[in-house]
Amino acid sequence: MSPRVAIITDSTAYLPQQAMERHGIIAVPLTVVLGNRALEEGTEVSARSVAQALQRRTSVTTSRPSPAAFAATYRSVAEAGAEGIVSLHLSAEMSGTYDAAVLAAREVPVPVRVVDTGMVAMALGFCALAAAETVEAGGTLDEAVVAAEKRAEGTSAYFYVDTLDYLRRGGRIGAAQALLGSALAVKPLLQLDGGRIELLEKVRTASKAIARLEELVVGRAGSSPVDIAVHHLAAADRAEQLAARLRNRVPGLAELHVSEVGAVIGAHTGPGLLGAVLSPRS
């Protein structure tokens with residue numbers, strides 16, 4: 001990637017490592033606290049260890065990167081020749097990461113455009129890729145921001161979780177919604193809406209919920225070119241089976257990524273998560 005404009009994101013984008021290296025994208029890590037140990041996502045703690053901790057009912061919390069961590073990253077890319085920085089982050093409705101990046105942007109000697117994408121996981125990752133590809137094609141700082149924002153506007157994300165309890169504990173969904181789901185013994189389908197995780201539908205069984213998730217993705221995808229990411233936590237078989245069906249059913253499929261989410265998202269969703277992100281290509 002041209003050094004004129006650097007693309008920064010955070011560790012919740014869950015971009016494939018090869019894609020990050022190919023496009024020169026840098027991810028600033030969030031922190032997961034297991035018991036009394038603070039660990040960096042992506043290097044010091046895995047989603048699987050978080051899933052095991054949750055099952056043992058060990059305390060698991062998450063925290064944003066510090067402004068100092070962002071400032072150090074911004075200075076590093078500036079010293080390497082970047083004349084501008086696009087910094088793309090998970091929804092400010094879910095995390096203080098965006099606010100930390102805004103504070104850090106004031107301390108560096110080059111222009112930094114900090115963007116609240118309203119997204120998370122590969123919904124955020126696709127925004128970072130759009131910005132990087134724009135820069136590689138000769139685009140400016142502002143054009144890279146526009147490309148990321150346009151990608152975010154068209155991107156949808158749907159999630160199935162075995163229980164809403166983990167989202168309730170972390171304050172990512174209302175207690176009333178979580179208790180209703182538990183009382184009715186339903187399986188929840190969620191979506192990203194306005195930067196928040198919202199309850200979309202309540203389905204009676206896991207198999208029906210996953211089938212409904214598939215139908216939502218296929219219907220939303222249509223026949224135009226679209227990239228899809230399938231995410232999971234401790235549910236690799238489910239994810240591979242869903243991905244195989246989507247390969248057969250989405251005629252405009254361009255790229256399909258299958259990956260386990262990282263520790264931060266895993267801490268809030270719990271084991272059994274199955275998600276699908278679809279991002280139309282312009």
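What you see is a predicted model; the values in this text were computed from it and never measured.
Looking at Asp193, its side chain never comes within 3.5 Å of a backbone N or O of Glu198 through a donor-acceptor pair. Formation of a donor-acceptor pair under 3.5 Å by the Thr155 side chain with backbone atoms of Arg151 is found in this model. A donor-acceptor pair under 3.5 Å is absent between the side-chain atoms of Ser49 and the main chain of Val45, judged by distance alone. Side chain of Thr73 to backbone of Ala69: a donor-acceptor contact under 3.5 angstrom is found. Looking only at distances, a side-chain donor or acceptor of Arg238 sits under 3.5 Å from a matching main-chain atom of Gly272. Using modelled atom types, no side-chain atom of Thr134 and backbone atom of Ala147 make a donor-acceptor pair closer than 3.5 Å. Of the possible polar contacts, none joining the Glu41 side chain to the Pro29 backbone as a donor-acceptor pair under 3.5 Å is found. Distance alone, capped at 3.5 Å, places no donor-acceptor pair between the Tyr98 side chain and the Leu88 backbone. Of the possible donor and acceptor atoms, one in the side chain of Glu143 sits under 3.5 Å from a partner among the backbone N and O of Thr140.
Atom CD of Gln18 sits in a sparse spot, with 12 or fewer heavy atoms from other residues, nucleotides or ligands closer than 6.0 Å. Crowding of Arg245 atom CZ: a count of heavy atoms from other residues, nucleotides or ligands under 6.0 Å exceeding 12.
The residues Arg4 and Glu83 are annotated as not salt-bridged, no charged nitrogen and carboxylate oxygen being separated by less than 4.0 angstrom.
For Ile7 against Ala131, the heavy-atom pair with the smallest separation is CD1-CB, 3.8 Å.
Shown are Asn248, Leu246, Leu278; of these, the side chain to side chain contact (heavy atoms under 4.5 Å, CB included) with Val218 is made only by Leu246.
A chain of hydrophobic side-chain contacts below 4.5 Å, direct or via other Ile, Leu, Val, Met, Phe, Trp or Tyr residues, connects Leu253 to Leu213.
Atom-to-atom distance recorded for Gln191:CD and Phe159:CZ is 10.0 Å, nearest 0.5 angstrom.
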As a quick check of understanding, evaluate side chain to side chain donor-acceptor pair (under 3.5 Å) for Arg196 and Ser91, giving each step before the final call.
CA-CA 7 Å; Arg196 297 182 62 84; Ser91 172; over 6 Å; no
Intermediate values then yes/no, side chain to side chain donor-acceptor pair (under 3.5 Å), His23 and Glu136:
CA-CA 8 Å; His23 296 287; Glu136 290 165 0; 2.7 Å; yes
Walk me through it: do Arg281 and Glu255 pass the test salt bridge (Lys or Arg N to Asp or Glu O under 4.0 Å)?
CA-CA 10 Å; Arg281 294 193 174 191; Glu255 291 188 5; 3.5 Å; yes
Name every donor-acceptor pair, under 3.5 Å, that has one atom in a side chain of residues 112-122 and the other anywhere in the protein, sequence neighbours excluded.
unit_1	atom_1	unit_2	atom_2	d
Arg113	NH1	Asp142	OD1	2.4
Asp116	OD1	Ala92	N	3.1
Asp116	OD1	Gly118	N	3.0
Thr117	OG1	His89	O	2.8
Thr117	OG1	Met119	N	3.1

